[in-house]
Q: 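Encoded as structure tokens, here's the structure I'll be asking about.
The structure displayed is predicted, hence computed values, not measured ones. Every chain is numbered from 1, with letters handed out A, B, ... down the list of sequences.
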Amino acid sequence: MRTSKFLLSTVRETPAEAETISHKLMLRAGMIRKLAAGVYNWLPLGLRTLRKVESIVRQEMNRAGAQEVLMPAVQPAELWQESGRWDQYGPELLRIKDRHQRDFCFGPTHEEIITDLIRREIKSYRQLPANFYQIQMKFRDEIRPRFGVMRAREFLMKDAYSFHANEASLMETYQTMYDTYSRIFARVGLEFRAVDADTGAIGGRASHEFHVLAESGEDAIALCNTCRYAANVELAPALPPMGKRDPATKSMQTVDTPNAKTIEEVSKFLKVDPAQTVKTLLVKGTGGAVALVVRGDHELNEVKAAKLPQVMKPLEFLTPGEVTLAAGCEPGSIGPVGLKITVIADESAARLSDFVCGANVNGKHLINVNWGRDLPEPMAADLRKVVEGDPCPDGGERNCAGKLTIRRGIEVGHIFQLGTKYSEAMNATCLDETGKSVIMPMGCYGIGVSRIVAAAIEQNHDDNGIVWPDAIAPFHVALVPIGYHKSAAVRETMDKLYADLTAAGLDVLLDDRDERPGVMFADMDLVGIPHRLVLGDKGLAKGMAEYKGRRDKAPRDIPLAEVVTQLQGMVKL
RNA sequence: CGGGGUGUAGCUCAGCCUGGUAGAGCACUUGCUUCGGGAGCAAGGGGCCGGAGGUUCAAAUCCUCUCACCCCGACCA
């Protein structure tokens, strides 16, 4: 491709709307343009990278034996009503009506559609297992789209759905997909981790998320520093503290804590360590309100809390008015002592002695509180988010002596063992060896294709712009001639290099604009082309082209005759 | 959904408080010079000041309504 025939729409100034680096760079490099909140045009440059990611995903899915299909983006409400999700899904589901006032939605995912398709097409266990995938635009009406294509409303996703005659077969395909995903992200050239995950709204049992590690990631993930344990913080178990609770040493007292409401304010006012305090959160329960108690320096893990049988799902906090009714005070002074509702304490909070908590009277707290003496022993459960330095749970046991590190990740893939959630609701069955009708267990496997593009930039950029991994670079090589329009020799040599490199299977961008070199260098760096060749009359006289890798500090000369072979060796496809 | 903010040239923004009929930089067009890290000079083109209504002799500017976009919050006890 020549820049004179390519929409290289770079901009120097950073658009006001962009916050994250990838969003800024995608706009500046001319990869995307916003059409509406969370809805983007892909320009030629951006589309080249998107297609390369897509192609890697497609190749690896095919290699794993999955079959590509294409399902409708617009889906009739009937199927969603059949699975029960028409009512379960909130405003995130974009509902639309056709001219006959029939209900449709723009598909946020395709479990219903594939289950409907397959229950009609597959009749026998002999046709199983089977795995179908598509690469398609999805629409989720996010509360707050942000970060460009990272959290967009319309986005390109690869979703796959597998069907099985039995659970063992599902496990096998699940493992194949786990391996396939690892291959995909390794090929794209990203630093990633597979982590244990919560299944969330999709439902089902086991699930793993694939995260690209990046500071700007929206998810916190817990990694062990010694073993291979990795989990989303939402899921990572906090092991109960070792040893026994210290004995009580002082008697309980009420103290005035005017205007001190948050843990920070209270611990500062009373000059105690936040770890010696507890916070009490009131949530809606299956039988009235429930008090959840965590240590002051810990945070409630809402996913864990919502899994308690006593707690309503999804987790909902009491409104300030309801808090006053249940505790007799405003939020900021609540404590577990004397509460008439169910109290559940986090393991760490239950291990405290002589601790500080709200007094259930506005502006007052209790000090030197002790479980079993000043209030009943609490029901203890794992309620908190793990923190940096917590012991590695390694499957819930203390088999590993390692400690957890918390890192940020961008979720780019998620695989689930769905089980029979959808096949049962929609009666997707087949006949087994004995001629008996069985419900097909299912798996589902998603990859955020457009999000990978943004995640790759978050992980690969510098002050001058994007630094693409070779595998997803829009072009592998940038040819920058000095004096293309002045020197016939430069022009002829560059044109020949362009032809030879292209013939060697590389994607080449020849900058044949009549621009000053500085402009061309800046543009090639900004759009992130990983390999650059510069050639002018001076180099030509020496028979040398100047090569610079995008990450290299300084350029080096390569004999013109060796350029093609050397570059072929350097570009990692 | 709650709170805050912004809509003026293709982009980034000034002008608004204190009404008087439209600006800068970048980008774009033309010419000359320049030519290895986003050039200089000169001349140009380009805006129903988001939309509707109101106040006024007069509205980008004041008032009301509306739409769009951005940010923050929805773990707070």
Q: Which of these nucleotides, A77(B), G38(B), G36(B), is closest to any side-chain atom of Val534(A)?
A: G36(B)

Q: In whole Å, I'd like the distance from the NZ atom of Lys548(A) to the P atom of G37(B).
A: 13 Å

Q: With a 4.5 Å cut-off on side-chain heavy atoms, are Ile457(A) and Met31(A) touching?
A: yes

Q: Give every pair of a protein N or O atom and an N or O atom of nucleotides 66-71 of chain B that lie under 3.5 Å apart, one pair per line with the distance.
A:
from   : atom 1 : to       : atom 2 : distance (Å)
C69(B) : OP1    : Ala37(A) : N      : 3.3
C69(B) : O3'    : Lys34(A) : NZ     : 2.8
C71(B) : OP1    : Glu19(A) : OE1    : 3.3

Q: Determine the Euclidean distance between corresponding P atoms of A42(B) and A59(B); express it in Å to zero decimal places.
A: 37 Å

Q: Write out a two-atom table: protein N or O, nucleotide N or O from nucleotides 40-42 of chain B, distance below 3.5 Å.
A:
none

Q: Does anything in residues 296-333 of chain A pair up under ring-ring contact (aromatic ring centres under 6.0 Å, His included), and if so which pairs, sequence neighbours excluded?
A: none

Q: Between G7(B) and A52(B), how many Å separate the two C1' atoms, rounded to a whole number?
A: 16 Å

Q: Mind calculating the distance between CG (Leu8(A)) and P (C28(B)) to the nearest angstrom?
A: 12 Å

Q: Under 3.5 Å, side-chain donor or acceptor atoms of residues 519-534 of chain A against the rest of the protein: list the pairs with distances, not counting sequence neighbours.
A:
from      : atom 1 : to        : atom 2 : distance (Å)
Asp523(A) : OD1    : Thr10(A)  : OG1    : 2.9
Asp523(A) : OD2    : Arg513(A) : NH1    : 3.1
Asp523(A) : OD2    : Arg513(A) : NH2    : 3.1
His531(A) : ND1    : Tyr547(A) : OH     : 2.6
His531(A) : NE2    : Asp470(A) : OD1    : 3.1
His531(A) : NE2    : Asp470(A) : OD2    : 3.4

Q: Please name the nucleotide paired to U6(B) by Watson-Crick or G-U wobble geometry with both distances under 3.5 Å, or report none.
A: A68(B)

Q: Nearest whole Å is fine: how far is U34(B) P from Ile482(A) CD1?
A: 17 Å

Q: Mind calculating the distance between CD (Glu299(A)) and C1' (C76(B)) to the nearest angstrom?
A: 11 Å

Q: Both Asp523(A) and Val278(A) contact RNA chain B. Which one's nearest nucleotide lies toward the 5' end?
A: Asp523(A)

Q: Tell me which pairs pass side-chain hydrogen bond (donor to acceptor under 3.5 Å, both in side chains) where either residue lies in residues 269-281 of chain A, with sequence neighbours left out.
A: none

Q: Rounded to the nearest angstrom, tell me the gap between atom NZ in Lys486(A) and atom P in U33(B).
A: 10 Å

Q: Please compare Asp514(A) and Glu302(A) by the position of their nearest nucleotide in RNA chain B and report the one closer to 5'.
A: Asp514(A)

Q: Should G46(B) form a Watson-Crick or G-U wobble pair with both distances under 3.5 Å, which nucleotide is its partner?
A: none

Q: Rounded to whole angstrom units, what separation is found between the CZ atom of Arg12(A) and the P atom of C26(B)?
A: 8 Å

Q: What residues, two or more places apart in sequence or in another chain, satisfy side chain to side chain contact (heavy atoms under 4.5 Å, CB included) together with Glu13(A)?
A: none

Q: Using the P atom as the point on both nucleotides, what is the distance between G20(B) and C62(B), in whole Å?
A: 11 Å

Q: Could you state the atom-to-atom distance from CD1 of Ile334(A) to P of A77(B) in whole Å?
A: 9 Å

